2 protein chains.
Amino acid sequence: MKPKNEKVLSNTQRAVHDLRGMILSGQLAAGTDHLESELAEHLGMSRTPVREAALMLESKGLLEMRPRKGVRILPVSPDDMCEIYDILTELESLAAQKAAEAGYGDDKLVPLAQSIDRMDNAIESEDLESWAEADDTFHRELVRLGGNTRVEKIVEMMSDQVTRARAATLYVRPLPLKSNEDHRAVYQAIRNRDPETAHARHRRHRLHAKAVILEILEKYRFSKL
Amino acid sequence: MKPKNEKVLSNTQRAVHDLRGMILSGQLAAGTDHLESELAEHLGMSRTPVREAALMLESKGLLEMRPRKGVRILPVSPDDMCEIYDILTELESLAAQKAAEAGYGDDKLVPLAQSIDRMDNAIESEDLESWAEADDTFHRELVRLGGNTRVEKIVEMMSDQVTRARAATLYVRPLPLKSNEDHRAVYQAIRNRDPETAHARHRRHRLHAKAVILEILEKYRFSKL
DNA sequence: GCTGAATTTAACGTATACGAAATAAAATGC
DNA sequence: GCATTTTATTTCGTATACGTTAAATTCAGC
C-alpha cells in the first residue's frame, strides 16, 4: 500500500511553509529585504503564489510588504517581546483554567506529562535543544487542552514571532531548573480539576519567563532579533 | 484647497475594505458562497486583487476560501461566540490593567469619559444604535490606552467576527442599564491608577456580557449568525 | 561642486490567459 | 430504470505581460 498522505499542496501553500521555515530558521534574517521576484526564483515558482504567501505571513506578523522595498522580515524588539509575552500570559492561563474545568482523564493528559518528563531528562543532561522542544510541546498541548481554537491560532502566531528570539537567547539563559516545578503544578491542577490554581500557577510561570527574557535582552543589549 | 487626503488606495486595499463592509453589514450574508469572479465583477476589478483581499479576510476569520465552492462567508455559532468572548475578556481586562498602570492624566481619558456619557444619554432616550456605537468606542479606546498594539489588532479581529451577532441581538436584549456602572468603575480605576480593580472590574463586566449574549442565543435558538 | 530637473530603470499592482482539477451533465451498458 | 463511465463545463491556481509609479541616475544650470 502506498501512503495516500501524499497531499498535493498548492504552490501558495508550499510558499507559506517554506518561507515560514526560512524565517524561523534565520535563513531569511530579521530586518532583511527581499524582492518578490528573488523569492519566487528561489522557490521555483512565479510571483503570484509568492505574493499570496507573503500576504498571509504579513497578517501573521512575520513580515511586511513595502512597495518597491521588497518584503521585509520583521525583527522583534524588546517592546515586541513584552507585548507578546503579556498576551501569551493571559491566553495560556485561560487555557490552563479551561483545561482544568474540562475535567480530562489521565489518559488525555499523557502528552502533557510526557513533555514534563522530557524536560526533566533534558535538564539532567543539559541538552537545551531538547528542553526547548519539550517546553514548546508542553505549552502547545496545554493550549490544545484549553479547547479554544482561536486561542490556539493566536498563541501559535505569537510563538512564531518569538521563535528566533528564543533561539538567540537559549544559550545565555540560566538553566530553567525551577521551571518544571511550575509545569508540574499546572499539570496537577488540571488533573485535580482546580481551575483557579491552574490559571494562577501558569500565570506566575509566564510572568517569570517574561521577566527572565527581558532581563537577558537588556543585559546583552539585544535591540532587534 | 482641495483635501490631499485623497489617498490612492490599491485595488486590493479597496477590495478588503469593501468586502469587509459588505460582510459586516450583512450584504454578504453569513453562510453564503460567492465565486471570485462574481465578487471581482461586483467590485469592478479583476480576480487578482479580489483573491488577495479574500486571503487577508480569511486570516482575519471573516471568510473561508474553498476551491470550487467559492468564498464562504463564515457564520458565527454560539460556540464561536463563547471562544471570542473568552478572549475579549482576557485581553480587554489586560488592557484595562495596563491603562491603569500607565497613569494617564485626565486629558488622555477624555474620549473614554465621553463615550460613557454618550451611553448614558443613549439609554435615557432608548436609542440602542447610538448606545452600541458608544459602547464600541469605549472598548476600542480602552484597548488603545492599554498600549499593546497586538492586543489592539486581535481585539479588532474578534470584534469584527461578532459584529453581525451583536446587530442581530441588539433589539432583543434587555436595556443595558447596569452596564455603565461597570464602565464608570473601570474608568475610575484607571484614573486612580489602580490596576487590580481596573482588571477585575472589566473582567466581571465582560463575563456578564458573555452570559447575557449566550442566554439570548439559547433562548432564541440562534445557531448561526 | 552642488542643487534640482529630467531621464532611466526597476519593482510592483493588476489584468489576462491557460492548464489542471473537480464537478456536473450526458451517454452508455446492464 | 439505475449504475457507471465519458464528456463537457466550470472554477481555480498560477504563469505571464504590461502599465504605473517610485527610486535611482544622469544631466543641466548656477
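Order of the sequence lines sets the chain letters (A, B, ...), proteins ahead of strands, with each chain counted from 1. FYI, side chains are in, hydrogens and waters are out, and symmetry mates aren't considered; it's all heavy atoms of this structure. Keep in mind that what you see is a predicted model, and the values were worked out from it rather than measured.
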Below 4.0 angstrom, N of the basic side chain to O of the carboxylate: do A:D86 and B:R150 qualify? no
Reading DNA chain D from 5' onward, which residue's closest nucleotide shows up sooner: A:R68 or B:P67? B:P67
Atom-pair distance (CD on A:E38; C1' on C:dC12), nearest Å: 14 Å
Would you kindly give the CG-to-P distance between A:L43 and D:dT14, to the nearest whole Å? 12 Å
Cationic N near anionic O, under 4.0 Å, A:K69 to A:D33: no
What I want to check is whether the side chains of A:H139 and A:T137 have a donor and an acceptor closer together than 3.5 Å. no
Between atom CG in B:L55 and atom P in D:dG13, what is the gap in whole Å? 9 Å
Please determine whether any donor N or O and acceptor N or O are separated by less than 3.5 Å between the side chain of A:R47 and the base of C:dG13. yes
How long is the line joining CZ of B:R14 and P of C:dT14, in whole Å? 9 Å
Need one value for A:T48: base, sugar-phosphate or nothing, where a base atom within 4.0 Å counts as base even if backbone is also close, heavy atoms only. base
Base, sugar-phosphate, or nothing: which does A:M65 touch, judged by heavy atoms less than 4.0 Å apart? nothing
Could you state the CZ-P distance from A:R51 to C:dA11, rounded to the nearest angstrom? 14 Å
Quiz question: by atom type and distance under 3.5 Å, do the side chains of B:D160 and B:T163 form a donor-acceptor pair? no
Can you measure B:Q13 atom CD to C:dC12 atom P for me and round it to whole angstrom units? 15 Å
D:dT14 phosphate, OP1 or OP2, under 4.0 Å from A:T12 side-chain N/O: yes
Can you tell me the distance, in whole Å, between the CG atom of A:L35 and the P atom of C:dG13? 12 Å
Starting at atom NZ of B:K69, determine the distance to atom P of D:dG13, rounded to an integer number of angstrom. 14 Å
